[in-house]
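Since the structure comes first, as structure tokens, the remarks are kept for the end.
Protein chains get the first letters and strands the later ones, always in sequence-line order, with residue 1 at the start of each. Below, each value reflects all heavy atoms present in this structure, side chains not excepted, and no hydrogens, waters or symmetry copies.
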Number of protein chains: 2
Amino acid sequence: MTLTRKSLRQQIKEILLTRILQGEYRPGDRLIELQIAQEFGTSQAPVRESLRELEALGFVESVPYRGARVRAVSQQELAEVYPVRAAIEEVAARAAAANLAGEVGALEAEIAAMHRAADDGDLYAQVCHDVAFHRLIVEACGNRVLQEVWRSLRIEARTLISVVKTEIEPHHLAEMHRPILEALRAGDGPLAGRLLRQHVEFFGELVLKGEHA
Amino acid sequence: MTLTRKSLRQQIKEILLTRILQGEYRPGDRLIELQIAQEFGTSQAPVRESLRELEALGFVESVPYRGARVRAVSQQELAEVYPVRAAIEEVAARAAAANLAGEVGALEAEIAAMHRAADDGDLYAQVCHDVAFHRLIVEACGNRVLQEVWRSLRIEARTLISVVKTEIEPHHLAEMHRPILEALRAGDGPLAGRLLRQHVEFFGELVLKGEHA
DNA sequence: TGACTTTCGTTTATCGATAATTTATTCTTG
DNA sequence: CAAGAATAAATTATCGATAAACGAAAGTCA
């Protein structure tokens, strides 16, 4: 584990984040500054700053003089993301329709990639391309603030958790994105927005149902 | 300037934030760690952490080895907030209608306070109560993620900037909130949502118009 | 002259050590 | 034996100092 390229803070942050997302650190686990510093052979300072960043990103929570823990993402919180996503992605799609001017090649590629991932049985890749599809729309909308808000929801991290629990046939899942694509190709912003909103809300309800399982 | 109560980091952060919001530090101004540390009689560390927090909050931007500057909030960015606000506040109002169960006393108090501020010619207080009205709705919706996203838009800071430029009669401004209040009192979530969305979009357009002035 | 290199001052990034605080443990004392 | 005070152990928060990186200014060579 060589730490040389970027700033130590950045590198440590990325490593810790990977460990959190991959479940190596479990929710509630303590993240002790000096202990981590020792592991990486650095001093306390860059570790401390990394933890603060992860706190701002919502992956870690900390209390003064009591240290940092991996934050538990409750099922409730997971479900609460969807109404927000639905609302802002609708706005994004409406604006994206105009900006894309029918150029939906990149979106089509993501749907194709979802199918390939489905063939390979690669759930992780499928989720990535699913998220990428949504991200492309958000990025096409031209509203920086909206993009920033969407990013702050950390869809990647959360979708990963929730999708595993749903039981939709993978190819069907991929095809569910096509109506949105077609609306965008046709330049019909309001329709694309409505469809995308319903699409997201649908998954939100799936998560809610999974709650009782 | 005694710094004793909370952690130094917290205190320094608040002071710096005040200075930024009150315009004592102008956009583009450099924030030099050791210089600030010297001013407060602390070491570099807590100042550094404060700056990182302000960076995460979007008030400061920094480049490795080149330091931090006060971030300029462009007119464009200011305008881009409104579509996002409109979308999530609509969602908030729909949910709030059910949760409030007609109990809109707090909202009514904010409208009254806006009128008092209008009488006093206290623009700052007026903005505060305006924002508080919206915050109450957002907090009543019960969705923590939505609340967090709304907070991250830092409406207080931005409204302050934009309202000054508009030229709406203060009492009229206060009354513009009443239809939303009444819809919530009646428990009509969809209506309250629509009204709130239009209300926010209206101000978004005002900002856009001001752009050409 | 003008492009390239070198040097120097400024500032950030990191370090190792100390102070402050919390939590757990042990010791009273009724 | 229980409640509370005192102590000990662990960890964070802060410090002061050093190393690394950057930008500007001075110097070098065609």
- Query: Any idea which of dT14(D), dA13(C), dG16(C) is nearest the Ser43(A) side chain?
  - Reply: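 Of the candidates, dG16(C) comes closest.
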
- Message: Side chain of Ser7(B) only, heavy atoms from C-beta on: which candidate in dT11(D), dT14(D), dG16(C) is closest?
- Response: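 Nearest to the side chain of Ser7(B) among the choices is dT14(D).
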
- Query: Within the side chain of Asn99(B), is there an N or O that forms a donor-acceptor pair under 3.5 Å with the backbone of Ala140(B)?
  - Reply: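 Yes; at least one donor-acceptor contact below 3.5 Å.
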
- Query: Okay, side chain of Gln126(B), backbone of Ala117(B): is any donor-acceptor separation there less than 3.5 Å?
  - Reply: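 Judged by distance alone, no pair lies under 3.5 Å.
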
What is the distance, to the nearest angstrom, from the [atom1] atom on [X] to the [atom2] atom on [N]?
X: Ile32(B); N: dC22(D); atom1: CD1; atom2: P; value: 17 Å
X: Arg69(A); N: dA10(D); atom1: CZ; atom2: C1'; value: 14 Å
X: Glu33(A); N: dG16(C); atom1: CD; atom2: C1'; value: 15 Å
X: Phe40(B); N: dT14(D); atom1: CZ; atom2: C1'; value: 16 Å
X: Glu49(A); N: dA13(C); atom1: CD; atom2: C1'; value: 8 Å
X: Arg48(A); N: dT14(D); atom1: CZ; atom2: P; value: 7 Å
X: Tyr65(B); N: dA21(D); atom1: OH; atom2: C1'; value: 6 Å
X: Gln10(B); N: dA20(C); atom1: CD; atom2: P; value: 20 Å

- Message: If we count only N and O atoms by modelled type, under 3.5 Å, do the side chains of His134(A) and Arg85(A) hold a donor and an acceptor together?
- Response: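 Side chains of His134(A) and Arg85(A): pair found under 3.5 Å.
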
- Query: Looking only at side chains, do Glu39(A) and Gln35(A) share a donor and an acceptor under 3.5 Å apart?
  - Reply: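 Absent: no donor and acceptor within the cut-off.
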
Which part of the nucleic acid, if any, lies within reach of [X] when heavy atoms closer than 4.0 Å are counted: base, sugar-phosphate only, or nothing?
X: Leu51(B); value: nothing
X: Ile36(B); value: nothing
X: Leu34(B); value: base

- Query: Quick one: does Gln44(A) reach the base of dA13(D) with a side-chain donor-acceptor pair under 3.5 Å?
  - Reply: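 Such a pair exists between side chain and base.
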
- Using the closest heavy atom to pick a nucleotide of DNA chain C for each, name whichever of Arg30(B) or Ala45(B) lands nearer the 5' end.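 Closer to the 5' end of DNA chain C: Arg30(B).
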
For a quick test of your reading: what N or O donor-acceptor pairs under 3.5 Å do the side chains of residues 56-69 of chain B make, sequence neighbours left out?
unit_1, atom_1, unit_2, atom_2, d
Ser62(B), OG, Glu55(B), OE1, 3.1
Ser62(B), OG, Glu55(B), OE2, 3.2
Arg69(B), NH1, Gly28(B), O, 2.6

- Report the residue (Gln35(A) or Arg9(B)) whose heavy-atom-nearest nucleotide on DNA chain D is the more 5′ of the two.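 Checking each residue's closest nucleotide, the 5'-ward one belongs to Gln35(A).
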
- Query: For DNA chain D, whose closest nucleotide is more 5', that of Arg66(B) or that of Pro64(A)?
  - Reply: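 With Arg66(B) and Pro64(A) compared, the 5'-side residue is Pro64(A).
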
- About how many Å separate CD1 of Ile32(A) and CD of Gln44(A), when rounded to the nearest 0.5 Å?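 Spacing of CD (Gln44(A)) from CD1 (Ile32(A)) equals 11.5 Å.
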
- Query: When you check the gap from the basic side-chain N to the acidic O, do Arg71(B) and Glu77(B) get nearer than 4.0 Å?
  - Reply: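 Salt bridge flag = yes for Glu77(B) with Arg71(B).
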
- Glu49(A) bridged to Arg52(B) by N-O distance under 4.0 Å: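 A salt bridge links Glu49(A) with Arg52(B).
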
- Residues in contact with DNA chain D, drawn from residues 53-62 of chain A - heavy-atom cutoff 4.0 Å: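 Output list: empty, so none.
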
- Does Arg52(A) make a side-chain N or O approach to OP1 or OP2 of dA13(D) shorter than 4.0 Å?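 Affirmative; the distance criterion is met.
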
